[in-house]
Amino acid sequence: MMNAIRGRSTAPKGRGRTGRSATRSSDSSLIIVANRLPIHRVGHGSKAHWQSSAGGLVTAVAPVMQSTPGVWVGWAGGDAKIRPFQHDGMRIRPVHLKRSDVEHYYNGMSNKTIWPLFHDAIRAPEFRRDWWESYVEVNHQFSRAAIAEASDDDMVWVHDYHLLLAPAMIRKARPRLRIGLFLHIPFPPEELFEWLPWRTQILRGMLGADVVGFQTTGAAQNFTRLCKAYCDATAHGTTLTHAGGATAARAFPISIDFDWFDQRARSAETVRRVSELRNRVGKERKIILSVDRLDYTKGINSRMDAFEELLDRGLSSVADCVMIQIATPSRDGVADYATLRDDVEKRVGRINGRFGYPGRVAVHYFRRNLSRDDLVAYYAAADVMLVTPLRDGMNLVAKEYAACRSDNSGVLVLSQFAGAAREMGRALIVNPRDTDQFVKTIDTALRMRRRDAQTRMSSLRSRVKAHDVFAWCDGFMSALRG
Ligand code: GDG
């Protein structure tokens, strides 16, 4: 494939008003540029091999890369220098990060500045010049790798908040490339974004793309207002015109591979696992499930508080229901995450101490990565799913749950602050900070009549099926092709 990329003609194609190439040949390659590679190394010595990784971005983009010739530029984790290689039909180009970059660019600027700021400043963002300098340098490094892989006919698709400067850096070296940027997390309103000492540089970095995609229209509008204020951009519909050319800023709500989840949930193996799980927790009890990365944006503590109050007020009991919280370990290098873990574990201990009895635990808490098949079995077993982040770009878990409810049973309780709430209005929508309303909504979900639940779930499933990850990708890619 590499020969095909390098050997392809770089003759100019049709050019748009901005001087950027406006059409692509059908055999253009796609170069994905993302902080992490879609695979990670497992095992040691002769048994070491690469395995697909879990996570929002990987889940969403991997199926697309199976069907399009492409390259994935990203960090492999750790500090080993790894040469480019081929994996499962895809060229992998690892970017090497120094330990100090992991500390400053990744743990620092990405996860202690941008992540909290873009999530409503749920934790106070820190602003450090040395982190910023490292962020600039690492963005250059990713950009150089992308430039080395791309011929002028190819498309480059940059992902997420770690690489907001890369579109303009790549554009500078290769003015005619088609460049897309998709932001997986929210884009904040002016009054928060303006805190950033490097706000203009970041906006200009993003404007290097031909298409900037967001999870919601609200996020795209926030970006548009800021570009008008700080980059002299003018807006016509969803197109921003600025000194560097034109950029489309629009919502492309991300989704899941609906059919994969649907079929897996219907399989005999899943049916067997569900029945085993039900027998273990007690057939008569309703299962309330949550699945999150262990992150303070996901609202795990407020959810535990609501569940505790539900039991405390006697609205439900441990004989009637059980909560299962799957919490995937995340960002262990950031102190806030260790504190969160302690807080969550204290709450689980307290609730079990107060309400559990022999043979009946109130909260089952798993802090580990499960296989996708295990996850599907939990989704298929759960009577009520709580997806209640304090702020979330989209939240794929909400969509995965709906996809696993092939008989239309199950009730989804969804935070109004998840991007998914824009599309999944037939869920029970909650404000997770309003404990009173939260407790009542869990109670309503537990008591909902089967027919009402089925009407809601059927509508949720239709929406997710019609707007699956392939539709998301087609939508973004056709905008990118111009
Ligand atoms: C970011 C944005 C946006 C979870 N635990 C396990 C596991 N998972 C999988 C889920 C789901 C994914 O990870 C999590 O996706 P989310 O959307 O919930 O969240 P983030 O990781 O925060 O992702 C988010 C997303 O990007 C996509 O744009 O929706 O708003 O924050 O697919 O199934 N998978 C396996 N084992 C686990 O234990 N195998």
Side-chain angles (χ1 to χ4, degrees), residues 32 34-36 38-40 42 51-64 110-111 114-116 118-120 122 157-162 181-188 213-216 218-219 251-258 260-261 264-265 289-300 324-331 337 340 365-380 382 385-404 412 414-415 417-424 464 467-469 472-473 476:
I32 299 274
N35 177 57
R36 291 304 293 263
I39 51 178
H40 61 279
V42 290
Q51 208 174 61
S52 294
S53 309
L57 171 58
V58 174
T59 312
V61 180
V64 177
S110 298
N111 289 331
I114 300 178
W115 177 270
F118 283 31
H119 287 88
D120 292 353
I122 294 168
W157 190 357
V158 179
H159 285 265
D160 229 357
Y161 63 102
H162 317 85
L181 168 68
F182 184 76
L183 186 67
H184 291 256
I185 68 173
F187 192 84
F214 298 90
Q215 301 279 25
T216 62
F252 295 88
I254 201 168
S255 194
I256 57 158
D257 184 348
F258 180 93
W260 186 89
F261 282 96
R264 220 27 102 92
L289 176 70
S290 282
V291 177
D292 314 85
R293 259 186 323 97
L294 196 43
D295 193 297
Y296 53 78
T297 59
K298 302 290 184 184
I300 305 174
I324 300 179
Q325 171 70 60
I326 296 163
T328 315
S330 180
R331 300 179 196 167
Y337 288 73
L340 170 75
Y365 166 74
F366 306 126
R367 190 175 52 77
R368 66 185 92 121
N369 256 300
L370 304 180
S371 71
R372 289 227 291 171
D373 283 341
D374 283 342
L375 211 55
V376 167
Y378 280 107
Y379 287 143
M385 181 86 207
L386 303 182
V387 179
T388 56
L390 302 176
R391 177 62 71 190
D392 214 332
M394 175 56 61
N395 198 297
L396 297 177
V397 168
K399 295 186 172 183
E400 291 167 3
Y401 177 65
C404 290
L412 173 65
L414 180 60
S415 162
F417 304 115
R422 302 279 162 278
E423 294 168 79
M424 304 181 85
V464 181
H467 293 266
D468 66 1
V469 70
W472 168 75
C473 194
F476 191 93

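Counting starts at 1 for both ligands and their atoms, in listed order.
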Indicate, as side chain, backbone, both or neither, the part of M394 found under 4.0 angstrom from ligand 1 when only non-hydrogen atoms are considered. both

Ligand 1 N/O within reach of H184 N/O, cut-off under 3.5 Å: yes

Please identify which atoms of ligand 1 are closer than 4.0 Å to at least one heavy atom of T328. 4 (C), 5 (N), 6 (C), 37 (C), 38 (O)

Any atoms of ligand 1 less than 4.0 Å from a non-hydrogen atom of G393? List them with their elements. 30 (O)

Check: D392 main-chain N/O paired with T297 side-chain donor or acceptor under 3.5 Å: no

Could you list the atoms of ligand 1 found under 4.0 angstrom from a heavy atom of R293? 20 (P), 21 (O), 22 (O)

Close side-chain approach of I185 and D160, heavy atoms under 4.5 Å: yes

Heavy-atom distance under 4.5 Å between the side chains of Y161 and S110, does that happen here? yes

Does Y401 use its side chain to pair, donor to acceptor, with the backbone of A382 at less than 3.5 Å? yes

At less than 4.0 angstrom from any non-hydrogen atom of Q215, what atoms of ligand 1 do you find? 3 (C), 28 (O)

With heavy atoms and a 4.0 Å threshold, my read on which part of W115 contacts ligand 1 is side chain

Counting heavy atoms under 4.0 Å, the part of N395 that contacts ligand 1 is both

I need the I300 CD1 to Q325 CD distance, nearest 0.5 Å. 4.5 Å

For ligand 1, indicate whether the residue N369 contacts it via side chain, backbone, both or neither (heavy-atom separation under 4.0 Å). both

Examine the proximity of ligand 1 to K298 and report which part, side chain or backbone, both or neither, has a heavy atom under 4.0 Å away. side chain

Indicate the ring-plane relationship of F476 and F182, choosing parallel, tilted or perpendicular according to the 30° and 60° boundaries. perpendicular

Check whether any side-chain N or O of K399 sits under 3.5 Å from a backbone N or O of I254 as a donor-acceptor pair, and report yes or no. yes

Please say whether L370 places an N or O atom under 3.5 Å from an N or O atom belonging to ligand 1. yes

Is there a side-chain contact between V291 and M385, using heavy atoms and a 4.5 Å cut-off? yes

May I ask you to list the atoms of ligand 1 that are less than 4.0 angstrom from any heavy atom of I254? 27 (C), 28 (O)

Nearest to atom 17 (O) of ligand 1 by heavy atom, V397, L396, L375: which? L396

Under 6.0 Å between the ring centres of F187 and F118? yes

